[in-house]
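To start, the structure itself, in structure tokens.
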Amino acid sequence: MSCGIDTRFIPCSTNQDEYANIVYDHRECRILKAGETLPSGYRTMADGGTIPCAISTLLDYFGQKIPVEEIGKILVQYNYRTPDKGTLWSAFERILEPIYGIETTIQSSIYDLFESVALGKPVVAMISPEILYKSNTRSFSGNEAIIIWRFEHGRAIISTTHLYGCHKVNAEKLLKNLLRAWACRLTK
């Protein structure tokens, strides 16, 4: 059985690894000037930008082209980027709808999540990166934001903020390991 968003309409994911030139810290979010080095003790979007990059991909799907730096600035401005916990997950609930017109609904069960995807709502979710990446060559701090677009024959079609394109993963394993998930739909 297949259900969800047609893969032809899934946007290219915003890959946070491309944004080592954006300071993304609880104190500020900005593009580094040419020749400028990262201030000591600060992090970049590449280091901790999974949530703003997932938001960027969702906004792209819903027809809004917002630079990832602008999304990061809003998260910093409203204190969703913290000094010790990274970006707060509640940003999905409290930033997407009032600022971008994307309603989010926390998925209280796997059945709700499956139904949301079947109805064509992308589901953004948080997961431990060890579930997604088999390679031990990379160290991840924190969790990874993914977007679940579709289910096909026991597989989930997802995008992540560390890989390009869509990827098929075992749906049962993925669903058992989700930390939190939100269905998204355009309200404006």
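One is the number of the first residue; the rest follow in order along the sequence. Note: hydrogens, waters and symmetry copies are ignored here, and every other heavy atom, side chains too, is used.
Defined by atom type and a distance below 3.5 Å, a donor-acceptor pair is missing between the side-chain atoms of Ser159 and Ser13. Using modelled atom types and a 3.5 Å distance limit, the side chains of Thr161 and Glu144 yield a donor-acceptor pair. Remark: the His162 side chain and the Asn15 side chain contain no N/O donor-acceptor pair separated by less than 3.5 Å.
Panel note: side chain Asn170, backbone Lys173; a donor-acceptor pair is recorded below 3.5 Å. Gln107 places a side-chain N or O within donor-acceptor distance of the main-chain N or O of Leu113, the cut-off being under 3.5 Å.
Closest heavy-atom contact between Pro11 and Thr57: CG-O, 3.6 Å. Between Thr50 and Ala145, the shortest heavy-atom contact is OG1-N, 2.8 Å. Across every non-hydrogen atom of Cys166 and Ile157, the tightest pair is CB-CG2, 3.7 Å.
When side chains are defined from C-beta on, Cys184 does not count as touching Lys121, because their heavy atoms never get closer than 4.5 Å. Counting heavy atoms from C-beta on, the side chains of Ser56 and Tyr19 never come closer than 4.5 Å. Using a 4.5 Å heavy-atom cutoff, the side chains of Gln16 and Tyr24 are not in contact. Counting only heavy atoms from C-beta outward, the side chains of Arg150 and Ile5 never approach each other to under 4.5 Å. A 4.5 Å side-chain heavy-atom check between Ile74 and Tyr100 finds at least one atom pair inside the cut-off. A heavy-atom distance below 4.5 Å is found between the side chains of Ile146 and Leu174. Between Ile95 and Leu75, some side-chain heavy-atom pair lies under the 4.5 Å cut-off. Between Met45 and Asn21, every side-chain heavy-atom pair lies at or beyond the 4.5 Å cut-off.
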Evaluate Thr44 against Val23 for side chain to side chain contact (heavy atoms under 4.5 Å, CB included), listing each step before the verdict. CA-CA 4 Å; Thr44 68; Val23 174; 5.8 Å; no
Would Ile158 and Ile147 count as a side chain to side chain contact (heavy atoms under 4.5 Å, CB included) if you check the C-alpha gap in whole Å, the side-chain angles of each, and the deciding distance to 0.1 Å?
-> CA-CA 5 Å; Ile158 67 165; Ile147 302 172; over 6 Å; no
Check against side chain to side chain contact (heavy atoms under 4.5 Å, CB included), Leu178 and Met126
CA-CA 6 Å; Leu178 293 180; Met126 297 303 292; over 6 Å; no
Output, in order, the C-alpha distance, side-chain angles, deciding distance and verdict of side chain to side chain contact (heavy atoms under 4.5 Å, CB included) for Thr187 and Glu97.
CA-CA 8 Å; Thr187 60; Glu97 187 168 8; 4.2 Å; yes
Verdict with supporting geometry, Tyr80 and Trp89, ring pair (Phe, Tyr, Trp, His ring centres under 6.0 Å) = CA-CA 8 Å; Tyr80 287 99; Trp89 296 357; over 10 Å; no
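With a 6.0 Å radius and a threshold of 12 heavy atoms from other residues, nucleotides or ligands, Tyr78 has its OH atom at or below the threshold. For Glu172, the CD atom is loosely surrounded, since the number of other residues' heavy atoms within 6.0 Å does not exceed 12.
The side-chain contact (heavy atoms from CB on, under 4.5 Å) check on Asp6 picks up Arg8, Phe9, with sequence neighbours excluded.
Stacking of Arg27 on the aromatic ring of Tyr42 is recorded, both the 6.0 Å distance cut-off and the 45° axial limit being met.
Classification of Arg30 and Glu36 as a salt-bridged pair holds, one side-chain N sitting under 4.0 Å from a carboxylate O. A salt bridge links Lys65 with Asp60: the distance from a Lys NZ or Arg NE/NH1/NH2 to an Asp or Glu carboxylate oxygen falls below 4.0 Å.
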